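To start, the structure itself, in structure tokens.
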Amino acid sequence: MIYLGSRGVLEPLLMIPMGLGMSAINAGVMFLDSGKAGTLFIDPLMSNPTDLVNILQVNWLQPIYTLTFSNGLIACFVFMGIGVLLDVGYVMARPFQSMFIALFAEMGTFAVFPVAIWLGMLPGQAASVATIGGADGPMVLFTSLILAKDLFVPITVVGYLYLGLTYGLYPYLVKWLVPKHIRGINMSTDRGPKISRSQKLVFAVVACTLLCLLFPVAAPLFFSLFVGVVVRESGLESFTKLLSETFLYGATFFLGLTLGVLCEASTLLDPVVLKLLLLGMLALLISALGGLGGGYILYFATGKKFNPIIGIAGVSCVPTTAKVVQKIATEANPSAIILPQALGANISGVITSAIIAGTFISVLR
């Protein structure tokens with residue numbers, strides 16, 4: 001491969017070491033002149049601005065990585081899209097119940113952090129992998145970018161791999177731990193107070209301001225999330241469509257594409273990555289168990305009127321886990337409706353995971 005040099009002539013971009021030949025290219029490895037290894041599309045290890053400008057002229061994925069991925073901007077785009085999908089009225093109608101579930105569903109984050117330290121990881125690395133327990137992909141990306149740049153790519157890849165796999169396994173966990181008659185508890189009568197659009201707008205502005213002041217390092221994510229909420233509640237249809245479709249789908253597509261390019265065999269076969277895989281699985285498992293534990297506490301505290309499987313929805317991937325628990329409840333009892341309560345816990349989980357990530361970054365950076 002070549003690039004256009006500073007003198008306007010074509011110069012070699014790659015230096016293939018003797019003995020490697022075409023096998024290096026076929027393996028998808030890019031060997032740079034300093035002996036560093038990148039990929040055929042992206043060099044995530046560049047530090048020289050001149051090299052960056054040169055490679056931006058040729059490799060079409062490099063601008064996407066450099067200008068949106070490596071600085072966390074793509075996470076903000078995803079959060080804007082998520083904010084448009086959120087109806088904060090579910091949280092405002094049941095604030096204490098929702099936050100209680102969300103805190104219990106962060107148990108994986110709290111438990112895996114000391115385990116990762118015990119396994120020899122640095123505090124920043126341990127915090128980054130522990131945030132997988134919050135099941136919030138953009139938050140994992142943002143935290144690892146700031147606290148563990150050396151493991152930024154593998155932690156992000158591991159986070160997104162398990163976020164997809166675990167949601168397929170959560171229903172089996174719920175059915176194993178919660179009896180059918182309890183899974184089918186109907187909560188349709190718990191409607192809660194009606195929240196107006198103006199109240200939702202006030203909540204978004206106040207919550208965004210407080211969270212940004214308390215956790216300034218995570219302010220870009222908080223601001224992006226609540227911008228989406230404000231756009232939704234303002235009734236700006238054109239901007240709602242822009243954020244929920246163009247921004248969210250576009251950012252998700254390029255995020256997955258970039259992660260796929262960075263996810264080489266050498267990355268997944270690294271012994272450190274195996275440790276990350278196990279810790280990520282453990283974090284999501286403990287978070288699910290914690291959420292169910294919080295659900296059972298509310299189940300007994302309300303005289304067995306609360307459906308404990310809502311605790312799974314506190315593991316925040318909006319709105320996936322909320323839909324999962326509603327489907328499980330419907331299978332047990334076709335008339336069961338728990339989606340409003342599940343969405344409240346779901347949205348609270350997003351906010352809680354952002355607060356915990358902001359705390360990690362503030363303390364450990």
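Position 1 is the first residue of the sequence; numbering continues from there. Predicted, not measured: the structure shown is a model, and the values here were computed from it.
Residues Val174 and Val325 have side chains not in contact (no heavy-atom distance under 4.5 Å, counting atoms from C-beta outward). Residues Leu211 and Ile351 are in side-chain contact: their nearest non-hydrogen atoms beyond the backbone lie under 4.5 Å apart. Two residues are said to be in side-chain contact when any heavy atoms from C-beta on lie closer than 4.5 Å; Leu282 and Ile286 meet this criterion. For the pair Ile117 and Pro123, the minimum side-chain heavy-atom distance is below 4.5 Å. Taking the side chain as every heavy atom from C-beta outward, Met139 and Leu221 approach each other to under 4.5 Å. Side-chain contact between Ile355 and Phe215: present, with at least one pair of heavy atoms (C-beta onward) separated by less than 4.5 Å. At a threshold of 4.5 Å between non-hydrogen side-chain atoms, the residues Ile132 and Leu279 do not count as touching. Contact check for Leu285 versus Leu173: side-chain heavy atoms found under the 4.5 Å cut-off.
Across every non-hydrogen atom of Val350 and Ser316, the tightest pair is N-CB, 3.3 Å. Of all the heavy atoms in Pro179 and Leu177, the pair that sits closest is CD-O, 3.9 Å. Heavy-atom minimum distance, Ala204 versus Val229: CB-CG1, 3.9 Å. When all heavy atoms of Phe226 and Phe203 are compared, the closest pair comes out as CE2-CE2, 4.4 Å. Shortest non-hydrogen contact noted between Val315 and Gly133 is CG1-O, 4.4 Å. The two residues Pro138 and Phe79 make their nearest non-hydrogen contact at CB-CE1, 3.4 Å.
In this structure, the side chain of Gln341 engages the main chain of Met187 through a donor-acceptor pair within 3.5 Å. Within the 3.5 Å criterion, the main-chain N or O of Gly344 finds no donor-acceptor partner in the side chain of Gln97. Of the possible donor and acceptor atoms, none in the side chain of Thr143 sits under 3.5 Å from a partner among the backbone N and O of Ala357. For Ser144 (side chain) and Leu141 (main-chain N/O), a donor-acceptor pair under 3.5 Å exists by modelled atom type. Counting only distance, with no hydrogens or angles, the side chain of Arg94 and the backbone of Asp190 share a donor-acceptor pair below 3.5 Å. Within the 3.5 Å criterion, the main-chain N or O of Leu119 finds a donor-acceptor partner in the side chain of Lys275.
Residue pairs meeting the ring pair (Phe, Tyr, Trp, His ring centres under 6.0 Å) criterion with at least one member in residues 338-365, sequence neighbours excluded, are Phe113-Phe360.
Note: the hydrophobic cluster containing Phe300 also contains Ile182 (ILVMFWY, side chain heavy atoms under 4.5 Å, direct or indirect links). Residue Tyr296 is not grouped with residue Phe96 when hydrophobic side chains (ILVMFWY) are merged at heavy-atom distances under 4.5 angstrom, including chains of intermediate members. In the hydrophobic cluster analysis, where Ile, Leu, Val, Met, Phe, Trp and Tyr join through side-chain heavy atoms closer than 4.5 angstrom, Met99 is grouped apart from Ile101. In this structure, Met80 is not a member of the same hydrophobic cluster as Val78, with clusters built from ILVMFWY side-chain heavy atoms closer than 4.5 Å. In terms of hydrophobic clustering, with Ile, Leu, Val, Met, Phe, Trp and Tyr side chains grouped at heavy-atom distances under 4.5 Å, Ile356 and Leu225 are assigned to a common cluster.
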**Request:** Determine, step by step, whether Tyr170 and Ile328 satisfy the side-chain contact (heavy atoms from CB on, under 4.5 Å) criterion, reporting the C-alpha distance in whole Å, the side-chain angles of both residues, the deciding distance to 0.1 Å, and the verdict.
**Result:** CA-CA 10 Å; Tyr170 274 3; Ile328 295 171; over 6 Å; no
**Request:** Could you please spell out the steps behind the side-chain contact (heavy atoms from CB on, under 4.5 Å) verdict for Leu276 and Met121?
**Result:** CA-CA 10 Å; Leu276 297 177; Met121 301 183 75; 3.5 Å; yes
**Request:** Please report the C-alpha distance between Arg365 and Ile146 in whole Å, then the side-chain angles of each, then the deciding distance to 0.1 Å, and finally whether the side-chain contact (heavy atoms from CB on, under 4.5 Å) criterion is met.
**Result:** CA-CA 7 Å; Arg365 188 171 66 166; Ile146 296 175; 3.5 Å; yes
**Asked** Would Tyr90 and Asn346 satisfy side-chain contact (heavy atoms from CB on, under 4.5 Å), going step by step from the backbone distance to the final call?
**Response** CA-CA 9 Å; Tyr90 293 119; Asn346 218 194; over 6 Å; no
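Expressed to the nearest 0.5 Å, how far CD of Glu106 lies from OG1 of Thr352 amounts to 6.0 Å. Going from atom OG of Ser244 over to atom CG of Leu85 covers 6.5 Å, rounded to the nearest 0.5 Å. The OG1 atom of Thr246 sits 8.0 Å away from atom NZ of Lys241, with the distance rounded to the nearest 0.5 Å. Leu145 CG to Leu151 CG: the interatomic distance, rounded to the nearest 0.5 Å, is 12.5 Å. Atom CD1 of Ile74 and atom OG1 of Thr258 lie 6.0 Å apart (nearest 0.5 Å). A distance of 6.5 Å separates CD1 of Ile347 from CG of Asp87, quoted to the nearest 0.5 Å.
When Lys180, Arg183, Lys175 are each tested for a salt bridge (charged side-chain N to carboxylate O under 4.0 Å, His left out) with Glu331, only one passes: Lys175. Under the side chain to side chain contact (heavy atoms under 4.5 Å, CB included) rule, Gln326 has a single partner from Ile309, Leu343, Ile310, Leu339, which is Leu339. If you run side chain to side chain contact (heavy atoms under 4.5 Å, CB included) between Ile337 and each of Asn307, Thr189, Thr330, Asn186, only Asn186 comes through.
The number of heavy atoms from other shown groups lying within 6.0 Å of CZ (Phe110) is above 12. Remark: Phe223 CZ is loosely packed, at most 12 non-hydrogen atoms of other residues, nucleotides or ligands lying under 6.0 Å away.
Side-chain N/O atoms of Thr131 and Asp136 include no donor and acceptor closer than 3.5 Å.
Aromatic pair Phe104/Phe100: centroids less than 6.0 angstrom apart.
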